[in-house]
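What follows is a set of notes on a single structure, which appears directly below.
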Amino acid sequence: MKVIQSIESIYDEQKELNDKLKVKVDQVFKRIKKDTWHYISRVKGLESFALKLETGRFSNPNMLEDFFACTLVVENLDQINKATTLIRNNFDVTSQKPKSSRMTHKEPFSFQFDDLRLYAQLKHPDYLPPEPISKISFEIQIKTFLQHAWGLATHDLIYKADEINWPKERIAFQIKAMLEQAEVTISGVNNLISLPEVSKDNYETAEQKKILKFYQDFFPKDELPKDIVRLCKNTKELLSVLNLKVTDLKNILTSENAAGRGTNLKNLSPFLLIIQSIIYQRQAVLEEYINDVPKKFKIILPKELQTEKLAITSLENIIKV
């Protein structure tokens, strides 16, 4: 596209400073953002700049609010407020769109772009002379990963297409409506689970809850993994193949604790501690499974375990570490 000289000159006057601003802002976000968040930034290209001016919505071509813009992507709607607070603590925020999270200009049947945008400047220490880049306003979009994924997947269909195509835009916004419903469901899951239609259990989860209660009763919280659900699932599988119940497990560990072992052994993970306790308290049960025909579930027996008493005649059902 042909860009006239006067517009190109205005663009060039701003680009160098905005390139420097990008470096500074990128450094701040690299320092403050959570590892699970995603950050991207860009300085507007010449053609995009010219098209923006041609919208007729900006009276001053030297003060485009998104000449430099960046996006912070967070897990879900519940993280939006945390991200906003973090940004306000590290930048001077002058305004935002939409102005209120409780009010929108959109009709109920509209799903057009309306993500949160903050307009900010770099924080500048009072004891230093002002830098030119500290006076430049820039845009920070805050999105969830679902919103970001929709934008990546449909941006060219809506904003950069080389044809006018009503069905494409229709489908793109239908997808956005579905994703918005998914976002709302994720955010409100704690309320939804109380509804009678979904407030249910099955035998699998009921048994896992018993195992979770067992671990919480016998182990301090800091000795349990963050992914305690996986630990419970692994333990359920172990109990299932050995034909043991959670009540058996409680009795086993209680006996081991009384013998000065059990949870007093601090060199083993909770799962391996259970295996060690079974070795001492239910040796025959464990040997029967290990020496049986090959099974899908393999019992891990690392060298840290005391396995000398086990009579192992087959290696098919164990993992030696």
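Bear in mind that the values here come from a model prediction, so they are computed numbers and not experimental data.
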Do [X] and [Y] get their side chains close enough for a donor-acceptor pair, meaning under 3.5 Å?
X      : Y      : result
Gln306 : Arg261 : no
Asn243 : Tyr289 : no
Ser314 : Asn291 : no
Tyr215 : Thr235 : yes
Thr36  : Glu75  : yes
Ser9   : Glu13  : no

State whether [X] and [Y] are salt-bridged, where the test is any N-O pair (Lys NZ or Arg NE/NH1/NH2 against Asp/Glu carboxylate O) under 4.0 Å.
X      : Y      : answer
Asp66  : Arg42  : yes
Arg282 : Glu287 : no
Glu316 : Lys298 : no
Lys15  : Asp19  : yes

If you count every heavy atom of other residues, nucleotides or ligands that lies below 6.0 Å from [X] atom [atom1], does the total exceed 12?
X      : atom1 : value
Lys295 : NZ    : yes
Glu288 : CD    : no
Asn60  : CG    : yes
Lys34  : NZ    : yes
Lys52  : NZ    : yes
Lys233 : NZ    : no
Lys266 : NZ    : yes
Lys213 : NZ    : no

Side-chain touch [X]/[Y], heavy atoms, less than 4.5 angstrom:
X      : Y      : value
Lys82  : Gln79  : yes
Ile312 : Leu301 : yes
Gln5   : Glu8   : yes
Ile32  : Tyr39  : no
Leu116 : Gln96  : yes
Asn90  : Ile87  : no
Ile300 : Pro302 : yes
Pro61  : Ile7   : no

side-chain contact (heavy atoms from CB on, under 4.5 Å) with Ile299: of Ile319, Ile278, Leu242, only one passes, and it is Leu242

Please list, chain by chain and in numerical order, all residues satisfying ring-ring contact (aromatic ring centres under 6.0 Å, His included) with [X], sequence neighbours excluded.
X      : answer
Tyr119 : none
Phe68  : Phe138
Phe49  : Tyr11, Phe67

Does the side-chain contact (heavy atoms from CB on, under 4.5 Å) test come out yes or no for Ser41 and Val25, once each step is laid out? CA-CA 9 Å; Ser41 66; Val25 174; over 6 Å; no

From CA spacing to verdict: salt bridge (charged side-chain N to carboxylate O under 4.0 Å, His left out), Glu237, Lys296: CA-CA 11 Å; Glu237 191 71 21; Lys296 183 178 179 181; over 6 Å; no

Verdict with reasoning, Leu310 to Gln283, per side-chain contact (heavy atoms from CB on, under 4.5 Å): CA-CA 7 Å; Leu310 288 178; Gln283 180 181 338; 3.9 Å; yes

I need the minimum non-hydrogen distance between Leu146 and Leu179, along with the two atoms involved. O-CD1, 3.7 Å

